[in-house]
Amino acid sequence: MKNLLFASLLLVYCPIFAQNEWSVDKIPAALLTDAKAVVRLDQNYITIKNTGEAMEESRYVVTFFTQPKDYELTIGGGEGGFYSTPTLIGRLYDKTGKLIYENEKSEIQKFGDFSYNSFSNVRTKLLKLQSQELPFTVEFLKKTKSDGFVSLSDNTILRFDRSVQKYEMTIVCPEDYKFKWKSVNIDLKPSTMTLDKKQIQYKWMTTNLTVQKHEPNHPYNGNNYAYLAFSQEQVQLGKYVGNASNWKEFGQFVYKLNNERDEISPEMQAKVLELTKGVTDKSKKIDLLYKFLQQNYRYVSIQIGVGGWQTLEASFVEKNKFGDCKALSNYMKALLKVVGIPSYLSLVYGGDDDLTEIDPAFVKMSHFNHMILFIPETGSWLECTSNNNPTGYMGNDWVGNRQALVLTPDGGILKQTPAYKEQENKKSSTFNLTINTDGTSNLTSKSVRLGGMEDYYRTLNTEYKGAELEKEFSKKSALTLTTLSNLSIKPNAEKPETIVTYEAIVRNFANKSGKRYFITPTKVNPLGLTLSKNEARKLPLLLKDAYTLEDSISINLPSNYKSESIPENKKLESATFGSYSIAYISTENTLKVYRKVVYPTVSVPASEYAKAQEFYAEIVKLDARQAVFTVDGGQ
Amino acid sequence: MLQKTHFLTILIVFSTLTLFSQPYKWGETFGEDLKMTSYPEDTSAKAVVLQDIGNITFDSTRRDGKLLDLDVVVINPDGTKTPVKSANIYTEKLSKYYSAKKVFIPNLQKGSIIEYRFELVTNNFLRLTEWNFQEDLPVRWSEINAHIPEFYNYLTLSNITFPIVINETNRKNGNFYYRGEYYSTVHFRKALKNIPALKNEPFVTTIDDYRNKLEFQLKEYTYPGQVTIPVYESWPKLAKELSKDTDFGDQYLKTSKSKVLVEAAANLLKNTDLPEEERLAKLLEFVTTNIKWNKETWLYKDKGINDAFTDHQGNMADINLGLVALCKAAGFEAHPMLISTREHGHMTPEYPIVNQFDAVLTYVELKDKTFRILDGTSPFHGVNMAAPEHYNRGGWVMREKDPIWIEVTAPERVSIVTGALDLDETGNLKGKMRLSVNGHEALEFRNKIANDPEGKYMKNEFSGKFEDFKIDSLSFDNVKDFTKPLNIRFNISIPNAAQVANDFIYCPAITTFFIKENPFKAISRFCPVNYESTLKAQYIVTINAPKSYKVEEMPAALSLLLPNDAGKMTFACGPTPSGETQVVMRLNIKQIDYTSDEYFSLQEFYGKVVEKTQDQIVFKKL
């Protein structure tokens, strides 16, 4: 077992024999520029025994020049399911490279996943180190064993704000073990070597990578700028083995894993038929059954059942009235089956933060973390873990606007989920304000919120009631509401639309100073998007959120006031960055303001950044202009 | 030894009120309560605790154990009962000392009632588990029963502000069996009803200080035929015990325990001709530069003073007891001061119990009998400043023979902004400003500067407040001199700060670095308000308008007082002799505690302050 001997050499490496190896002086000067930290060594060694067994060892040494966040001083590992983490070691070195701390085994914290609604047989191990006087160096050693399931996940080479002195990735596998690899945002190729016993070693190596500075609103997921990605030809999950050489085959494998787990009781079948009795329209049937699911079943995170890849039986959900994303999707599928509507479980990435594009030619099993349901006859999708989404609504920042892998009997099919554009994520509001002589204002407001502009309020309405709802609503308001009355939040059950109306007395809207009123009308709904100036922008710019705001603001002042200064009407338009228009109509002691702002999704190269920055800064500047009113005829 | 049973039912989402008579028995049907879809006493509640009943009994045959016999039943609105199977109950280890039972509730619906009971066996009878009458959810009925054998004399520590509906003490003869004999017990019963939910609020020491709760603390015990053994008696007795404790008193009273530290500081001990405060500052600096705090707040030693010094790392006791030892060696009258951190909750000087403390500071008495507090958990405190969380109204100074309670308040939080700004004809402001801070405000900035000595990040942080805001030539004074305010000087440029329209320039009187938001936004208040310290904020800036403009209107002067002279705000705007416009705003909060009724005065006061900061100066073209 030469590979194992090789692997353990990595860990036996003892810091005592190289006293000053991690001295800060040994970092090449070029790596210090802009570096919040320098990765001294990032060494990974993966030994693959077969499709289901592997061992991964890693050694990560990093010198911090600015105070690290807690998570940067923490290393974790899993225990249970297909994994175990037999080794977890953390060491601290001072700036001269002297070892000042190494953890004892007892300092590793172990606990179950004790979050609010989760159901898991996986335990977590965590090791947290203490911050030291800067600069200081942290070394983490970790060994993970996989038994039953091997997934080669992305391996980051370069993170933002960290330079890398040495990176190494080694994979040793039997010569008949097939996998693909690609390097992203870096050009790296492995050297290969044949070892004993028909083993092949692949080794990627690079040194002295200078800092890639972090700049906000970039298209790279997480903080992974350059990384290696892998794709295995064979997939094994416990006793199940399948092909993962392309999406079709991989989809077929997961399909089989989850197939024929959708039996529900005759009573439930009867109930489903009764619920849909007399309804012929398929969409209506889907809607009825989806609402039945939402009203009677709840989401619980479940990490059991073939490493989290296999759904619980539909009968489990029927009995317990809860399930995870797989179990609830599968249960919904079972309900639809009763009324003769076929549907397919579909793998998808849920969330916004680490979303990457799917490469149709490169299967990455670790891409997905969630399951939804696809109905081919109507072309519609169902997110079965939501208790309040309108039927078919996906949401851009959750599972909409991305590719999902639909699991059909004929294999996996990549399919785009619905995307919601700027006109579908829209908020149209009217604000009527009457300014009182004491400077307070009476406000009545109505907004019609669509798509991405409504889900916060839909959720708020489910989570809070009465006085608590009013409190939460007030917190979110841009204005200081001294009283709030007749608050009504009405989510539409059929479509992603929520209508919010309320009345309030507002404190800081008009500023009365001497004989004048200073009023910034757009204070009722300030604009959030600003980009910081950056003349040397290097990363492309991505502004994902696309939305539209339409405001009609009507302001009535006490009758003895007249306008002294009213801002000019303005219009700003760009094919790429969106548009802004504002009009002020002033008559006697009233002012009416109409504003429309459109923010499309923006994806442009770094060279366009300055233009975008100026455009949005100009909008904010125009928007912040105030109107001034004085007492007619002086004081 | 001790056995507690706990019987609790919770209802998820409700409706009509049923007149409450007697608590339900285990397994009884819930009748009208099953129809509840909202709790009438608090319609914003997501659930209500129908009843929470605890029984504490003693049993000499039981061993220390865990949570046992957990039964959970779900009762749905249609009356069906589903017992939770043991397969759906998991035990999760949370830490070395604690584990939790996690229950997956099947078949849950709106209006379901969850009923559960369990038993907890423990042999810690010094302090019986705290009974919380008040929860994060409203509670309709909460009752604690304790059946205490006659040999034990417990003191009840309680914080109860809602009416007690049952308060009984009965003696029962011969119902406790101990070593072949029967003894009597005393049955305490206390119940509260309709207790509102406790919600967290800002400006409190800790929300737990306001929770309605009860605790039993053992005072003394008398086993049959034996003498009475006091568990605690008096503060001097406790002081005597602690002074002999190897993990506490020995640390600074036995010279061998601090020898390494004291000898290393030998040079400092000789400077007896320096003023006392300067000597203290040097001793404090010696400790903070040599021992880094490991973030552990505790009053007993971890490594001990000598090892903490050698390892350059230690817990709070290693550091602050080390300071006591060092100050004593330097000839000062020094003692540990035991405190409870704000999070740990309030202290009760009435009861000499050590477990109400969780932290220790250093107390030093000077020749003039005034005292100074030292806290070596940060290198930036200086003499007479501790971390903000260590100010919880005072502490217990453990003089071995005659310990005393003293009141300590945090130093005033001071922030003074001065500056001179030029206004140009397009509405830009440009000039120099200085921020002068003291108290914990200075501590926060000194912490930032330690990681950012050139102010690179601070520059960005200041600039980030406004679009296009530019800060440069940032410099600091008195970073290391804790006896003086920390000064931050910088040049500032604010494009489009003022609005130019027709012949007017409307310039905000106060642009930034002053309070801009009301900290008291909530429309209601349950708890009293507590500030960590008194506050002083001032803004004194001159604005120099272009020569071709004159002042058309200046904001009116305003002076506001909080009731009882608890706080004051003044605002004035006027011309300087050289023709600029000067804006002066002063805010001073002199009182740190306010009742929940006084909250509204504070809210109104801050509302007016914030409004005043938005005033504008109107300049008109000549």
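Below, read A as the first sequence line, B as the second, and so on, with proteins coming before strands; counting in each chain starts at 1.
- Atom CG of N451(B) is surrounded by more than 12 heavy atoms from other residues, nucleotides or ligands within 6.0 Å.
- Among the candidates Q67(A), R507(A), K475(A), K321(A), the residue making the largest number of heavy-atom pairs closer than 4.5 Å to chain B is R507(A).
- Here CD1 of I505(B) is found 12.0 Å from OG of S565(A). Values are rounded to the nearest 0.5 Å.
- Nearest heavy atom pair, residue A467(A) against residue S44(B), reads N-CB, 3.8 Å.
- Residue contact with chain A, scored on non-hydrogen atoms closer than 4.5 Å, involves the side chain of V618(B) exclusively.
- Of the two parts of N502(B), only the side chain, counted from C-beta on, holds a non-hydrogen atom closer than 4.5 Å to a non-hydrogen atom of chain A.
- In this structure, NZ on K612(B) lies 8.5 Å from CG on N511(A), to the nearest 0.5 angstrom.
- Pairing each heavy atom of S131(A) with each of K292(B), the nearest pair is O-CE, 3.5 Å.
- A donor-acceptor contact shorter than 3.5 Å links the side chain of E553(B) to the backbone of K515(A).
- Contacts between L134(A) and chain B at a heavy-atom distance below 4.5 Å involve the side chain alone, from C-beta outward.
- In this structure the side chain of R516(A) reaches within 4.5 angstrom of the side chain of E552(B), judged on heavy atoms.
- Taking all atoms of both residues into account, the shortest heavy-atom contact from N294(B) to Q130(A) is O-NE2, 3.4 Å.
- The shortest side-chain heavy-atom distance between Y506(B) and V628(A) falls under the 4.5 Å cut-off.
- Distance check, rounded to the nearest 0.5 Å: OG1 of T482(A) to CD of Q603(B) gives 9.0 Å.
- Annotation: maximal heavy-atom pairing with chain A below 4.5 Å, among E517(B), Q616(B), E611(B), K295(B), occurs at Q616(B).
- For chain A, the nearby part of Q313(B) is the side chain; its heavy atoms alone come within less than 4.5 Å.
- Looking at E470(A), neither its backbone nor its side chain comes within 4.5 Å of chain B, counting heavy atoms on both sides.
- At most 12 heavy atoms of other shown residues, nucleotides or ligands fall within 6.0 angstrom of atom CD in E133(A).
- Within 6.0 Å of CD in E618(A) there are more than 12 heavy atoms belonging to other residues, nucleotides or ligands.
- With a 4.5 angstrom heavy-atom cutoff, K608(B) touches chain A via backbone and side-chain atoms both.
- Atom NZ of K303(B) sits in a crowded spot, with more than 12 heavy atoms from other residues, nucleotides or ligands closer than 6.0 Å.
- Looking at K199(B) and E468(A), their side chains come closer than 4.5 Å, going by heavy atoms from C-beta outward.
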Test side chain to side chain contact (heavy atoms under 4.5 Å, CB included) on K319(A) and T82(B) and set out the steps. CA-CA 11 Å; K319(A) 201 169 84 203; T82(B) 318; over 6 Å; no
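- Summarising the local packing, NZ of K81(B) is surrounded by more than 12 heavy atoms from other residues, nucleotides or ligands at distances under 6.0 Å.
- With Q499(B) contributing its side chain and Q626(A) its backbone, the two residues share a donor-acceptor pair below 3.5 Å.
- Chosen from Q295(A), K471(A), R625(A), the residue pairing most often with chain B at heavy-atom distances under 4.5 Å is R625(A).
- Proximity of I105(B) to R298(A): side-chain heavy atoms (C-beta onward) are separated by under 4.5 Å at one or more points.
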